[in-house]
There are 2 protein chains.
Amino acid sequence: MTDATVLQPSAMLRRAGLRVTQPRLAVLDALARHPHAATDVLIAAARETRSVSHQAVYDVLHTLSDLGLVRRIQPAGSVARYELRVGDNHHHVVCRSCGDVVDIDCATGSAPCLDPSELDVHAPGFVLHEAEVTYWGLCATCAGSAEPQPDLTAPSRTASSRTTEKRKNRV
Amino acid sequence: MTDATVLQPSAMLRRAGLRVTQPRLAVLDALARHPHAATDVLIAAARETRSVSHQAVYDVLHTLSDLGLVRRIQPAGSVARYELRVGDNHHHVVCRSCGDVVDIDCATGSAPCLDPSELDVHAPGFVLHEAEVTYWGLCATCAGSAEPQPDLTAPSRTASSRTTEKRKNRV
DNA sequence: CCCTTTTCCGGAACGAGTCAAGACAACCGG
DNA sequence: CCGGTTGTCTTGACTCGTTCCGGAAAAGGG
Ligand SMILES: [Mn+2]
Ligand SMILES: [Mn+2]
Ligand SMILES: [Zn+2]
Ligand SMILES: [Zn+2]
C-alpha cells in the first residue's frame with residue numbers, strides 16, 4: 001500500500017517521527033533516481049545533491065529500512081541494494097552476469113505469497129512472515145553477447161577454481 | 001537428481017575430473033556433518049579431521065560449487081553457507097532471529113519452479129534459469145522466547161537507528 | 001619412481017560495513 | 001525569534017569475511 005514514492009520526502013519522514021535532515025533528503029532523492037542501487041552508488045548520488053558523509057548514508061538507510069520506508073534487498077553474492085517500493089511484496093529478476101535487477105509484481109498478492117507445504121513437517125512451529133522470490137538468469141543484453149558483461153555474482157562459471165577476471169558491483 | 005550424498009566422496013571428486021586431496025575430503029566430510037554451515041564453521045569442522053588452511057577451504061568450496069557438487073546459499077544479511085544437497089531445486093526457510101536454515105522440498109519440481117508472469121513486459125529477452133524461494137519468519141524456539149535468540153540477520157528491528165546489540169554469524 | 005600439473009599454503013591485502021565520541025542542527029517551548 | 005534538548009552527523013579507526021599472490025607441496029599418469 002503506502003507507496004513511499006507518492007509522498008513528499010519531508011512529509012514521509014515527519015510522519016514516521018523522524019527529523020527532516022539534509023542527509024535523509026539527499027538519500028531519498030538518490031533512491032528515487034536509482035532504484036535497486038548499491039550503497040556506494042547512493043553515496044555518490046547523494047553527494048551530487050548535498051554534502052553527506054558515507055556514514056550518514058549508512059545510518060539513514062538503516063533508519064529508513066528499519067521503519068519500513070525503504071526496502072533492502074541483497075541478492076546472493078551482491079552487496080546490499082535499496083529501493084523505495086515497499087509494502088507491495090514484489091519480487092526480483094536478477095541477471096547472473098551483469099547483476100541487473102528488475103521488479104516483478106507478485107502474482108499472488110500480499111505476503112507470504114507462497115506457502116511451503118512441508119513447513120509443519122520440517123520446521124514445526126515456524127512462524128512464516130514472507131516468501132522472498134528471486135528469479136535468476138541472464139538479461140537480454142548478457143544472453144546475447146557471448147562474452148558476458150562485467151560480472152557481478154558469477155557463481156555460474158563452468159570451469160575450475162581461481163578466476164582471473166575482476167568483478168565490479170556497480171549499478 | 002545426482003544427490004551428492006549417496007556417492008563416495010573420492011568417487012564424486014574423480015568423476016568431476018578433480019584430484020582427490022586431503023582438503024577436499026575434509027571439506028566434504030565437514031559439509032556432510034554440517035548442512036547449511038558458514039565457511040568459518042566448515043573450516044573448524046574440516047580441521048577436526050585433517051590439517052587444512054583456511055584458504056584451502058575457500059578454494060575447495062569455490063571449485064566444488066563452480067562444478068555444481070555443492071550448493072552455495074546466502075540469505076540476505078548472512079555470510080555464505082554451503083550444502084551437499086544439489087540438483088533438486090529445493091528451497092529454504094530462514095529464521096530472522098537465530099538465522100537457522102531448514103530445507104523445504106520444491107512443491108513444483110524442477111527449476112525454474114515458478115514463472116514470473118510479467119517477465120516479457122518488464123524484462124523482455126531475459127533467459128530464466130531458476131526461481132530461488134526463501135521463506136522468512138521465526139523458528140519455533142525464537143517465536144516462543146520473548147527475548148529472541150542470539151541474532152543473525154535482524155533487519156526486523158522496530159526502533160530507530162544504531163543498535164547497541166552485538167551479532168554473531170555462527171551455525 | 002619421476003615429472004608435470006594441479007592444488008595448497010601463509011601472509012598480505014581488500015572492501016563493505018560498523019563502532020565511537022564529539023560536533024552539530026532540528027525541533028520545541030518560551 | 002532565541003536558546004536548550006535531543007536526535008543526528010562527522011571523522012577516522014577498525015572489524016570481518018573473503019580474495020589476491022607466489023612459492024611449496026602432493027596427486028596422478030607414464
Ligand atoms: Mn524492487
Ligand atoms: Mn538446503
Ligand atoms: Zn545482464
Ligand atoms: Zn530462530
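Proteins get letters first, then strands, A, B, ... in listed order; numbering begins at 1 in each.
With distances taken from any side-chain atom of A:V79 to the nucleotides C:dC19, C:dA16, D:dC9, the minimum falls on C:dA16.
A:L61 has its CG atom 11 Å from the P atom of D:dC9, to the nearest Å. When the P atom of C:dC8 is taken as reference, atom CZ of B:R47 falls 14 Å away, rounded to whole Å. Per the geometry, CG belonging to B:D59 stands 8 Å off C1' belonging to C:dT7, to the nearest Å. The distance between atom CD1 of B:I43 and atom C1' of C:dC8, rounded to the nearest whole Å, is 14 Å. Put simply, CD on B:Q55 is 15 Å from P on C:dA13, counting in whole angstrom units. Atom CG of B:L18 and atom P of C:dT5 are 18 Å apart (whole Å). Residue B:Q22 contributes atom CD, which lies 10 Å from atom P of C:dC8 at whole-angstrom precision. Taking atom CG on A:L64 and atom C1' on D:dG7, their separation rounds to 14 Å, with Å as the unit.
Taking OG1 of A:T63 as the start and CZ of A:R24 as the end, the distance is 5.5 Å to the nearest 0.5 Å. Considering CG of B:L138 and NE2 of A:H129, their distance stands at 4.5 Å, rounded to 0.5 Å.
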Subject >> Stepwise ring-ring contact (aromatic ring centres under 6.0 Å, His included) check, A:H92 with A:H90 >> reply: CA-CA 7 Å; A:H92 294 107; A:H90 72 269; 4.7 Å; yes
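Using a 4.0 Å heavy-atom criterion, one finds that B:R14 contacts the sugar-phosphate atoms exclusively. Within 4.0 Å of A:S51, counting heavy atoms only, lie sugar-phosphate atoms of the nucleic acid but no base atom. Residue A:T21 is in sugar-phosphate contact alone, with no base atom involved, counting any heavy-atom pair closer than 4.0 Å across all strands shown.
The base of C:dT7 does not come close enough to the side chain of B:R24 for any donor and acceptor atom to sit less than 3.5 Å apart.
Ion pairing between A:R85 and A:D105 holds under the 4.0 Å rule for side-chain N and carboxylate O. With respect to A:E83 and A:R72, no salt bridge is recorded, no charged nitrogen being found less than 4.0 Å from a carboxylate O.
Annotation: of the two residues near DNA chain D, B:Y58 and A:V60, the 5′-most nearest-nucleotide partner is A:V60. Both B:G17 and B:H54 sit near DNA chain C, but only B:G17 has its closest nucleotide nearer the 5' end. Checking B:Q74 against B:R19, the closest nucleotide of DNA chain D that is more toward the 5' end is the one next to B:Q74.
Listed pair A:T63 / D:dT8 fails the phosphate criterion, with no side-chain N or O lying under 4.0 Å from OP1 or OP2.
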